[in-house]
Number of protein chains: 2
Amino acid sequence: MSDTRTEILNLAEKLIRQRGYNAFSYKDISVPLQIKNAAVHYHFPSKADLGIAIIERTRIHFARDSKKWDQLAPLDQIKAFIGIYEANQAQRLRCFMGALGHSYETLPPAMQAVLAKASAEIRSWLEGALEKGKTSGAFGFKESAIEKADLIITSMLSSLILLPITKDDVLANVRNSILMSL
Amino acid sequence: MSDTRTEILNLAEKLIRQRGYNAFSYKDISVPLQIKNAAVHYHFPSKADLGIAIIERTRIHFARDSKKWDQLAPLDQIKAFIGIYEANQAQRLRCFMGALGHSYETLPPAMQAVLAKASAEIRSWLEGALEKGKTSGAFGFKESAIEKADLIITSMLSSLILLPITKDDVLANVRNSILMSL
DNA sequence: GTCTATACGCTGATAGAC
DNA sequence: GTCTATCAGCGTATAGAC
């Protein structure tokens with residue numbers, strides 16, 4: 001894997017998470033990297049190839065991170081998960097699901113497929129973590145683990161979207177609300 | 001106000017809420033309406049004018065609806081608010097904040113301004129409704145009203161985004177989780 | 001691997017006739 | 001109000017030289 005390939009991947013991911021898939025172009029990549037349009041196409045023949053590569057890389061990262069978190073105490077697992085969003089907020093970036101999900105219908109089918117897989121993996125990890133905390137007695141929430149997981153994922157995702165609009169720390173509010181409810 | 005103008009507004013709103021602001025064009029409007037590109041530009045000289053008109057119309061609708069809801073019992077007010085999202089889900093549409101928020105940075109400044117206003121109005125109405133329910137004893141939640149409001153808005157917004165991806169009724173899960181926590 | 005050159009449809013937008 | 005005609009620029013993508 002060439003250095004250029006990785007640089008393209010890094011920049012494209014940043015652009016997608018700043019502006020969305022439909023609002024960045026090969027030019028936005030080739031100009032800052034000081035290469036030509038055609039060079040980007042050499043590494044990623046179509047825009048969908050680029051999008052898929054980014055999602056796949058994120059899946060690998062999440063699998064690695066969540067595996068590490070499995071050794072933590074239940075509450076720390078959830079805090080680690082929320083930490084992803086806090087890190088994103090610090091960089092003024094959205095999570096990849098918030099960046100791609102909104103335009104799901106306009107995405108190439110191959111991208112839709114990997115995005116759905118990634119979404120299922122994250123959701124199911126979080127559900128499991130909440131379920132374990134509940135049966136161990138660490139958590140006292142009343143609803144089902146999947147209901148709580150959906151509440152956490154959805155509210156975290158939108159917090160990053162609303163930050164630039166409200167200019168308020170929505171994420172901190174949501175985080176507090178969630179941690180109090182576990 | 002001509003009929004054509006309203007038809008353009010209606011179709012554009014639907015397109016924005018299905019695909020986002022950057023993924024629809026004047027052609028997507030002129031072809032189905034069987035008029036020419038230039039006719040759309042006559043009613044809305046620039047794309048930003050169209051976007052702003054849609055947001056302003058939504059602000060008016062929300063002001064009217066929320067005013068009506070003020071007469072309801074606290075719990076019914078929140079249920080009415082959640083009802084907006086359930087209606088959207090039934091039509092496979094996103095809420096306008098979920099449709100526009102993700103591309104906030106790429107929006108024309110004039111659109112950013114009205115979107116921020118609309119966001120503040122919704123947030124502040126919901127905060128007020130929660131606050132009143134809390135002081136009247138109808139609600140027993142522990143966090144502040146703005147924290148709860150942010151939790152509700154963010155989780156509702158993303159539920160509509162995640163529906164096509166998970167193919168699961170995320171909104172129902174989130175709704176249940178929220179109602180249990182009030 | 002990267003370049004030059006190029007294709008070609010779509011984009012938002014305007015001028016001027018009717 | 002709506003039309004025809006037209007614009008310059010951008011979008012993704014490809015062919016072929018080096």
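A note on names: the letters A, B, ... follow the listed sequences, proteins ahead of strands, and every chain is numbered from 1.
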Self-check item: Residues forming a side chain to side chain contact (heavy atoms under 4.5 Å, CB included) with B:Ala172, sequence neighbours excluded
Solution: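 Listed in chain order: B:Asp169.
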Exercise. Applying side chain to side chain contact (heavy atoms under 4.5 Å, CB included), name anything that partners A:Asn173, two or more places apart in sequence or on another chain.
Key: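 If we apply the side chain to side chain contact (heavy atoms under 4.5 Å, CB included) test to A:Asn173, skipping adjacent residues, the hits are B:Arg123, B:Ile146, B:Glu147, B:Asp150.
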Quiz prompt | Contacts of B:Tyr85 that satisfy ring pair (Phe, Tyr, Trp, His ring centres under 6.0 Å) - sequence neighbours left out | solution =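 Listed in chain order: B:Phe81.
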Quiz item: Can you list every pair that meets salt bridge (charged side-chain N to carboxylate O under 4.0 Å, His left out) and has a residue in residues 155-164 of chain A, with sequence neighbours left out?
Solution: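 The answer is none; no pair qualifies.
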Quiz item: Which pairs with one or both residues in residues 23-36 of chain A pass salt bridge (charged side-chain N to carboxylate O under 4.0 Å, His left out), sequence neighbours excluded?
Solution: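 Output for this query lists A:Arg19-A:Asp28.
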Let me know the distance between [atom1] of [X] and [atom2] of [N], rounded to the nearest Å.
| X | N | atom1 | atom2 | result |
| --- | --- | --- | --- | --- |
| B:Asp49 | C:dG12 | CG | C1' | 12 Å |
| B:Tyr42 | C:dA13 | OH | C1' | 17 Å |
| A:Glu7 | C:dG1 | CD | C1' | 14 Å |
| B:Leu50 | C:dT11 | CG | C1' | 15 Å |

Quiz item: Given D:dG1, is OP1 or OP2 found less than 4.0 Å from the side-chain N or O atoms of B:Thr4?
Solution: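 Answer is no, no contact under 4.0 Å.
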Practice problem: Quick one: which residue pairs count as a side-chain hydrogen bond (donor to acceptor under 3.5 Å, both in side chains) with a foot in residues 64-81 of chain B, not counting sequence neighbours? | Solution: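 Applying side-chain hydrogen bond (donor to acceptor under 3.5 Å, both in side chains) to every pair that reaches into residues 64-81 of chain B, excluding sequence neighbours, yields B:Asp70-B:Trp125.
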Quiz prompt | Listed once per pair and sorted, the side-chain hydrogen bond (donor to acceptor under 3.5 Å, both in side chains) pairs that draw on residues 94-106 of chain B, sequence neighbours left out | solution =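 Qualifying pairs, neighbours excluded: A:Arg94-B:Glu105, A:His102-B:His102, A:Glu105-B:Arg94, B:Asn22-B:Thr106.
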Quiz item: Are A:Ile161 and A:Leu163 linked, directly or through other ILVMFWY residues, by side chains that come within less than 4.5 angstrom of each other?
Solution: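 Looking at the clustering, A:Leu163 is in a separate group from A:Ile161.
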Under 3.5 Å, which protein N or O atoms sit close to an N or O of nucleotides 14-18 of chain C? Give each pair with its distance.
none

Practice problem: Could you identify which residues of residues 22-36 of chain B place a heavy atom less than 4.0 Å from some atom of DNA chain C, listed by residue number, or say none? | Solution: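 Those residues are B:Phe24, B:Ser25, B:Tyr26, B:Lys27.
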Exercise. Give me the residues of residues 101-115 of chain B where at least one heavy atom lies under 4.0 Å from an atom of DNA chain C, by number, or none.
Key: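 The stretch gives none, as no residue of it lies under 4.0 Å from the strand.
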Quiz item: Restricting to pairs with a member in residues 11-42 of chain B, which pass ring pair (Phe, Tyr, Trp, His ring centres under 6.0 Å), not counting sequence neighbours?
Solution: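 As it turns out, the ring pair (Phe, Tyr, Trp, His ring centres under 6.0 Å) pairs with a partner in residues 11-42 of chain B, which skip direct neighbours, are B:Tyr26-B:His41.
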Self-check item: Worked verdict on A:Leu160 versus A:Arg92 for side-chain contact (heavy atoms from CB on, under 4.5 Å)
Solution: CA-CA 8 Å; A:Leu160 298 179; A:Arg92 301 252 149 195; over 6 Å; no
Quiz item: Partners of A:Ser124 by side chain to side chain donor-acceptor pair (under 3.5 Å), sequence neighbours excluded?
Solution: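 If we apply the side chain to side chain donor-acceptor pair (under 3.5 Å) test to A:Ser124, skipping adjacent residues, there are no hits.
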